[in-house]
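For reference, the structure discussed in these notes is given below.
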Amino acid sequence: MPELNEKPNSFQAVLDSLRRMLMLQLDYARLTAAEKFTVLLSAIAFYSMAVALATLVLIFLSVGLGHFLSGTAVGKYAYFIVAGLYIVLLVLLFLLRRRLIVNPVARFMSRLFVEPPKE
């Protein structure tokens, strides 16, 4: 009869081990997701601040370039020239959007969520 008592205990031990392993895997998945979302949100925050600061710098450079050009022979067309430069930059950005924006973001996201963590 001792064998009958041991089998349920060993079966219970296997079930407990499986339950513990499942809980550990769930905890690992939660921690990994939290880490990846933290990296993603910090990247979004960093680039948002960088874009905001770059916008301010660009505004001041634009005004400075407009004032500089207004003192030359072109005079009243100086701000139209600056606006034309921005239109050219916008067209270049539109034409190169896949290479400059889409591909780097896709690489970052795939590296973040698809590749296994390096230990």
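Heavy atoms only: backbone and side chains are in, while hydrogens, waters and symmetry mates are out. Bear in mind the structure is a predicted one, so any value in this text is a computation, not a measurement.
- Around CZ of Phe108, the count of heavy atoms belonging to other residues, nucleotides or ligands within 6.0 Å exceeds 12.
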Exercise. Under the side chain to side chain contact (heavy atoms under 4.5 Å, CB included) criterion, do Val14 and Leu18 qualify, and how do the steps go?
Worked result: CA-CA 6 Å; Val14 169; Leu18 284 173; 4.2 Å; yes
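- Judged as a salt bridge (Lys or Arg N to Asp or Glu O under 4.0 Å), and not counting sequence neighbours, the contacts of Arg19 are Asp16.
- Side-chain heavy atoms closer than 4.5 Å link hydrophobic residues (I, L, V, M, F, W, Y) into clusters, and following such links, even through other members, never connects Phe46 to Leu53.
- Criterion: ILVMFWY side-chain heavy atoms under 4.5 Å apart, direct or through other members. Under it, Val39 and Phe113 are part of a common hydrophobic cluster.
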For this session: Would you please test Leu40 and Met109 for side chain to side chain contact (heavy atoms under 4.5 Å, CB included) and show each step?
Result: CA-CA 8 Å; Leu40 179 63; Met109 297 297 283; 3.5 Å; yes
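- No more than 12 heavy atoms of other residues, nucleotides or ligands shown are found within 6.0 angstrom of CZ on Phe80.
- Contact record, Thr72 with Leu69: OG1-O, 2.6 Å, taken as the closest heavy-atom pair.
- Between Gly66 and Ala78, the shortest heavy-atom contact is O-CB, 3.4 Å.
- A cation-pi contact links Arg97 to Phe94, judged by a cut-off of 6.0 Å to the six-membered ring centre and 45° from its axis.
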Problem set entry | Worked check of side chain to side chain contact (heavy atoms under 4.5 Å, CB included) between Leu96 and Ile101 | CA-CA 8 Å; Leu96 299 173; Ile101 297 170; over 6 Å; no
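- In this structure, CG on Leu85 lies 12.5 Å from CG on Leu90, to the nearest 0.5 angstrom.
- Using a 4.5 Å heavy-atom cutoff, the side chains of Tyr86 and Val82 are in contact.
- If you take CG on Leu112 and OG1 on Thr38, they are separated by 10.0 Å, rounding to the nearest 0.5 Å.
- Residues passing the side-chain hydrogen bond (donor to acceptor under 3.5 Å, both in side chains) test with Tyr79 are His67, sequence neighbours excluded.
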For this session: Please assess Leu65 against Ile81 for the test side chain to side chain contact (heavy atoms under 4.5 Å, CB included), listing each intermediate value before the final yes or no.
Result: CA-CA 10 Å; Leu65 183 61; Ile81 293 171; over 6 Å; no
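- No more than 12 heavy atoms of other residues, nucleotides or ligands shown are found within 6.0 angstrom of CZ on Phe68.
- Once rounded to the nearest 0.5 Å, the distance linking OG of Ser17 with CG of Leu22 reads 12.5 Å.
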